[in-house]
Amino acid sequence: MRIKTMRLAAKTASWSLVHMTVAIAVAYALTQNWRAALAVGLIEPVFQTIAFAAHERAWALRPVPARVRR
């Protein structure tokens, strides 16, 4: 179980970095302002990362229906 938790943490951290990079790039493309882009790009992914981790955990806890298991 510990390896699954560590894997989830690594996956979440990796996604957070990808998301942050994309958010900063999009915010800069829209505003042409690095300060605004960094503000949006650093704040918004934090909340998305928390939501992603909660979503992953909820799906991991959800039982798999018998008809889907093989």
Side-chain angles (χ1 to χ4, degrees):
M1 186 64 165
R2 186 166 188 227
I3 291 175
K4 285 184 180 182
T5 302
M6 290 172 57
R7 181 173 165 79
L8 176 60
K11 181 180 174 184
T12 302
S14 171
W15 174 249
S16 180
L17 289 173
V18 170
H19 188 136
M20 194 176 305
T21 302
V22 171
I24 291 169
V26 169
Y28 180 75
L30 292 173
T31 65
Q32 297 295 304
N33 180 327
W34 279 111
R35 285 185 183 189
L38 288 171
V40 169
L42 294 174
I43 294 168
E44 188 269 343
V46 169
F47 290 98
Q48 287 291 350
T49 299
I50 293 166
F52 174 78
H55 181 263
E56 285 288 307
R57 185 164 299 275
W59 272 93
L61 295 174
R62 183 178 175 178
V64 178
R67 70 178 187 276
V68 176
R69 280 187 238 142
R70 294 185 183 214

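These numbers come from a predicted model, not from an experiment.
- Taking the side chain to side chain contact (heavy atoms under 4.5 Å, CB included) definition, one finds that Ala36 meets it with Thr31, Asn33, sequence neighbours left out.
- Pairs engaging residues 10-22 under the side-chain hydrogen bond (donor to acceptor under 3.5 Å, both in side chains) rule: Lys11-Glu56, Ser16-Thr49, His19-Glu44 [sequence neighbours left out].
- Taking every heavy atom of both residues into account, Ala37 and Ala27 meet most closely at CA-CB, 3.6 Å.
- Summarising the geometry of Gly41 relative to Ala23, their closest heavy-atom pair is CA-CB, 3.9 Å, with the distance given to 0.1 Å.
- Val46 belongs to a hydrophobic cluster whose remaining members, ordered by chain and number, are Ile50; membership requires side-chain heavy atoms of ILVMFWY residues under 4.5 Å apart, directly or through intermediates.
- Listed by chain and number, the residues in a side chain to side chain contact (heavy atoms under 4.5 Å, CB included) with Val26 are Val22, Leu30 (sequence neighbours excluded).
- Residue Ile24 belongs to a hydrophobic cluster whose other members are Met20, Tyr28, Trp34, Leu38, Leu42, with links defined by side-chain heavy atoms closer than 4.5 Å.
- The hydrophobic cluster around Phe47 extends to Ile43, counting ILVMFWY residues whose side-chain heavy atoms fall within less than 4.5 Å of a member.
- Using a 4.5 Å heavy-atom threshold, the side chains of Leu61 and Arg57 count as touching.
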